[in-house]
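The next block holds one structure in the form of structure tokens; read it before the comments.
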Protein chains: 6
Amino acid sequence: MPFVNIRITREGATPEQKQQLIKGVTDLLEDVLGKNRKTTFVIIDEVDTDNWGIGGEQVTELRKK
Amino acid sequence: MPFVNIRITREGATPEQKQQLIKGVTDLLEDVLGKNRKTTFVIIDEVDTDNWGIGGEQVTELRKK
Amino acid sequence: MPFVNIRITREGATPEQKQQLIKGVTDLLEDVLGKNRKTTFVIIDEVDTDNWGIGGEQVTELRKK
Amino acid sequence: MPFVNIRITREGATPEQKQQLIKGVTDLLEDVLGKNRKTTFVIIDEVDTDNWGIGGEQVTELRKK
Amino acid sequence: MPFVNIRITREGATPEQKQQLIKGVTDLLEDVLGKNRKTTFVIIDEVDTDNWGIGGEQVTELRKK
Amino acid sequence: MPFVNIRITREGATPEQKQQLIKGVTDLLEDVLGKNRKTTFVIIDEVDTDNWGIGGEQVTELRKK
């Protein structure tokens with residue numbers, strides 16, 4: 001029953017890529033810890049680049065450099 | 001001063017239903033632990049069904065089955 | 001498949017009280033939104049009072065007042 | 001490598017204000033704990049006022065009072 | 001710069017297993033979305049089985065069945 | 001009513017430093033967004049270095065280099 005929250009910037013991840021992330025993380029938890037797939041939750045949050053900062057700067061600004 | 005985060009799929013929860021969830025959780029914490037309603041926070045996050053996986057699959061796909 | 005995270009200060013909540021919170025929240029989501037109990041997750045995090053601030057002060061200090 | 005998540009109601013915070021929050025928190029962690037700016041993450045989540053409850057009521061309703 | 005939070009019950013995951021999870025998730029985000037490893041954060045939270053509920057019951061109780 | 005969650009590695013932050021973080025973040029939200037101090041929550045989570053990964057490696061290992 002793991003719960004995994006993946007937070008990425010909102011920069012065009014496709015439904016197929018999200019499915020790959022969900023399956024990949026579920027497989028990983030099954031392989032490494034033997035966790036039950038049926039009760040493994042994965043939630044992907046996409047965050048606007050204005051709302052994500054690294055090094056004290058918004059990603060929006062970092063992308064311009 | 002509890003903080004409660006409820007994460008549900010974005011599938012049409014109405015403002016009234018959200019109010020019921022907020023009140024219900026606040027009542028529960030007051031009843032069970034005697035917590036002060038005035039400083040009980042409840043945040044509801046609604047997640048797209050593409051972004052929520054269970055059993056290694058997106059809810060969008062599970063809903064089709 | 002809701003996911004609920006309850007954060008409270010670490011001030012002696014008993015296993016029975018935690019069970020009441022888990023059952024209460026699960027019932028609430030079933031009643032209000034018709035959610036499936038079997039895939040409703042509830043996680044309770046207990047936070048040291050040094051690590052929780054409200055009004056700019058640690059709860060440890062607030063408790064002394 | 002701190003990770004900071006700021007959750008506020010969605011009530012018109014401007015890009016400039018978000019930048020101030022990101023810089024301010026990054027400075028604070030550098031000053032207080034000597035943390036490396038380059039690996040300090042700050043994420044701001046904006047939450048609809050229907051989805052945020054305090055004292056058992058939605059902020060949308062509280063704002064009307 | 002993805003941020004991944006893995007929440008599992010506190011049931012004896014070893015340092016080596018945690019390393020496998022960290023590396024596996026980082027590889028996955030690099031492979032699927034081309035994310036930069038150097039700014040990929042993974043945090044593993046281990047939760048007491050009294051504090052994790054599924055189906056309205058504490059995992060501690062579920063494990064007894 | 002902001003909610004701020006600060007996640008840092010468990011590496012000896014003192015109660016005084018935690019108080020500085022709590023006050024600093026609360027001041028920042030008041031100054032930048034005019035938020036009410038009395039309903040500003042700050043929670044600090046300290047994470048074991050085995051449980052925090054960056055660049056695909058546990059901080060425990062990175063600290064050895």
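Residue numbers start from 1 in every chain, and the chains themselves are labelled A, B, ... in the order their sequence lines are given, proteins ahead of strands. Worth saying up front: this structure is predicted, and the values here are computed from it rather than measured.
- Counting heavy-atom pairs under 4.5 Å between each of A:Thr26, A:Ile6, A:Ile43 and chain B puts A:Ile43 at the top.
- Taking chain A as the reference chain and counting heavy-atom pairs below 4.5 Å, the highest number among B:Gln58, B:Glu57, B:Glu61 is found for B:Gln58.
- Between B:Trp52 and A:Ile22, the closest heavy-atom pair is C-CD1, 4.0 Å.
- With chain B as partner, the option from A:Lys23, A:Lys38, A:Gln19 having the largest number of non-hydrogen pairs under 4.5 angstrom is A:Gln19.
- At a threshold of 4.0 Å, the pair B:Asp48-A:Lys18 does not count as salt-bridged, since none of the basic side-chain nitrogens sits closer than that to a carboxylate oxygen.
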